[in-house]
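Structure, as structure tokens:
So you know, we letter chains A, B, ... as the sequences are listed, proteins then strands, and number each from 1.
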Amino acid sequence: MIMLLAASAAMALEFGVSGGVAVAPATAEVGSQQAPSGSIYGAMGFLGIVRGEAHVQYTAMGTNGVDAVNVSGRAVDLRALGGVALPVINIPGATIGADFLVGPDLRLTHTSTEVLSVTDNQLRPSVHMTAAVGPYITLPLLRFGLRGWVDVPDQTRLGLTAMAGVRF
Amino acid sequence: MHPPSPVTHRMRRITPARAACAAALAVLGCTEPDRVRIVGGSADDPVLMDVSRGGLHDLDRVAGDHAVFLVDTEVDLLAASTWDGALDRAQAADVLVGEHHHPRTHWQTVDGVAVPQDFDTLALFTAYAHTARTLGFFEDVGARGRALRPVQVHYLPDLQGSGDIGLSSTDNAYYFLPGDAVILLPPERLQHLPLPMNAGVVAHELAHRLTYWTLWDAQRYAALDRIAERGWQEPWLVESAYLIAALDEGMADYLGAVIAGDPAFVGRSIPWAIEHRDVSVDRTYRAEWLGTLDGFFSGGLHDPYKVGAVVASALWSAGEAIGHAHVAEALVAAQRALAPDAVALRLLHTDLEVEVVRQLGASPAACAAFHRTHEEVWDHFQEVCP
């Protein structure tokens with residue numbers, strides 16, 4: 001009981017960055033199109049296993065087309081995730097485990113379409129649900145993780161992200 | 001069988017929760033769009049514009065009442081290059097067109113409009129809209145039957161054997177006759193208005209389809225098969241086949257120009273074609289072409305545009321004087337009237353133009369328009385333009 005109370009009182013804060021790739025089905029061929037993405041995030045841990053995260057993620061979808069007509073896009077995702085960080089292996093000075101998180105995602109997509117030097121810009125919000133899973137390792141001051149994530153239901157995207165954070 | 005219920009839909013009670021949900025969906029763009037954003041306008045002044053879906057019921061797969069778009073298609077051009085009547089009427093399409101998939105477009109709804117989020121989606125939505133408009137125009141001017149049925153469009157396919165038969169696998173568009181399908185190839189050198197976004201190019205390919213199902217009466221391969229059997233003994237069969245190929249290009253350029261609203265539509269996408277494919281340029285039918293193959297070759301290479309460009313110029317000139325809808329209607333009627341001659345490879349120089357003038361009632365305006373381009377062979381028109 002004493003141990004449990006001590007754990008519940010513990011609340012860990014973490015700030016970090018992540019980088020990876022967002023993957024969506026390709027429009028005109030079998031396979032996928034990839035776009036680089038990066039985020040900054042803040043996280044809080046409770047009770048040793050409960051974890052909440054807030055991400056601001058930027059994805060550069062690039063430009064495609066020809067000189068006369070081309071389309072470029074970028075997206076900012078504001079994402080809140082909650083779930084568990086399950087410790088699996090405890091070794092002196094480090095813990096290895098797995099994150100299981102889910103939460104809402106507000107995406108702002110900016111699409112820029114250029115036709116003969118006339119550019120049309122569109123900024124559009126959309127709401128998704130995100131599920132993320134992946135291994136992590138915590139050190140006394142640092143936390144590293146690898147995440148696979150998926151946004152559903154509309155305009156589904158998959159992603160793979162490497163994370164590094166500082167714990168306080 | 002039970003009689004149908006007089007009440008098919010029940011009015012759902014509007015609760016605050018449902019109203020809030022509907023409002024949220026509208027704000028977030030989850031509602032079903034009733035328009036699509038495309039590259040429209042005339043080919044010389046393309047602009048982004050929002051148009052009705054035109055029967056495009058599946059935006060994700062680009063499938064609708066007028067066309068079904070497919071990607072990653074394997075097309076066997078080599079097998080399709082033989083002259084065999086079994087290839088007519090798309091009977092062998094399943095053999096020639098291999099594995100294919102549906103596209104998976106990326107778009108978002110903005111104020112009821114499906115706005116493409118990448119270039120391919122913009123190209124696919126645009127090509128669909130141009131296809132729908134072209135088929136609607138063809139129907140308005142009297143086309144009927146298979147030429148109006150929903151068309152398969154293979155977007156960026158893998159052309160097998162293209163090099164062997166001298167066809168490019170990039171920077172071009174084709175009507176793939178044995179598959180009754182339009183092929184849109186990827187841009188590499190071309191950096192101007194993309195072919196799928198050029199209404200005239202899409203209409204040009206669909207005009208070949210119209211010619212196949214109307215003038216050829218879907219028997220082009222069977223007709224060419226006869227050349228393989230008897231062509232060298234009856235060389236006029238060869239001349240007629242070359243002539244119909246030239247007319248095919250000329251009519252397609254004319255109808256493409258009408259749909260694009262731009263007589264120089266080809267040059268908007270293919271700059272080096274602007275000079276010899278502008279249908280508004282006055283051209284002259286040469287008397288020396290009659291009875292020879294001279295009208296079909298330039299520099300030793302087959303050139304269907306040599307005669308084709310004159311025919312396109314004549315049609316455009318007549319359309320400017322009389323109205324393009326009237327000329328297009330006369331053209332479709334002429335194709336239908338001349339189909340037996342085309343199938344028998346009996347079609348001769350100027351037969352089509354004379355029949356168009358006849359279908360136009362041999363009006364002075366029509367005769368005057370064709371006189372400008374066909375003065376050297378005007379005796380062929382004496383029957384209809386005395």
Discussion item. Distance check, rounded to the nearest 0.5 Å: Arg37(B) atom CZ versus Asp120(A) atom CG?
Written reply: 5.0 Å

Worksheet item: What part of Val69(A) gets closer than 4.5 Å to chain B, counting heavy atoms only: side chain, backbone, both or neither?
Response: both

Discussion item. Counting heavy-atom pairs under 4.5 Å with chain A, which one of Val39(B), Val71(B), Val62(B) comes out on top?
Written reply: Val71(B)

Worksheet, complete the sentence: dist Thr27(A):OG1 -> Tyr155(B):OH (nearest 0.5 Å) comes out at 8.5 Å

Worksheet item: Which residues, numbered in order, of residues 96-103 of chain B come under 4.5 angstrom of chain A by heavy-atom distance?
Response: His101(B), Pro103(B)

Practice prompt. Check the surroundings of atom CZ in Arg35(B): do more than 12 heavy atoms from other residues, nucleotides or ligands lie under 6.0 Å from it?
Written response: yes

Response to the item:
Contact list (residues 264-276 of chain B to chain A, heavy-atom gap under 4.5 Å, by number) returns none

Worksheet item: Hey, is CG on Asn90(A) packed in by over 12 heavy atoms from elsewhere, all under 6.0 Å?
Response: yes

Worksheet entry | Nearest atoms (heavy-atom pairs only) where Gln108(B) meets Pro125(A) | NE2-O, 4.4 Å

Item to complete: Could you please state which residues from residues 188-196 of chain B sit under 4.5 angstrom from chain A, measuring non-hydrogen atom to non-hydrogen atom, sorted by number, or 'none'?
Response: Leu190(B), Gln191(B), His192(B), Leu193(B), Pro194(B)

Item to complete: Supply the atom-to-atom distance Glu29(A) CD to Asp158(B) CG, rounded to the nearest 0.5 angstrom.
Response: 11.5 Å

Worksheet entry | Gln33(A) side chain near His106(B) side chain, heavy-atom distance below 4.5 Å | yes

Worksheet item: So which of Asp118(B), Thr73(B), Leu48(B) has the largest heavy-atom pair count under 4.5 angstrom toward chain A?
Response: Asp118(B)

Item to complete: Quick one: pull up CD in Gln117(B) and OG1 in Thr109(A) and give me the separation to the nearest 0.5 Å.
Response: 5.0 Å

Worksheet item: In this structure, are over 12 heavy atoms from other groups packed under 6.0 Å from Ile40(A) atom CD1?
Response: no

Worksheet item: Side chain, backbone, both or neither: which part of Pro46(B) has an atom under 4.5 Å from a heavy atom of chain A?
Response: both

Practice prompt. Find out whether Val115(B) and Arg124(A) are in side-chain contact, i.e. whether some heavy atom of one side chain is under 4.5 Å from a heavy atom of the other.
Written response: no

Worksheet item: For chain B, which residues of residues 58-65 of chain A have at least one non-hydrogen atom nearer than 4.5 Å to it?
Response: Asn64(A), Gly65(A)

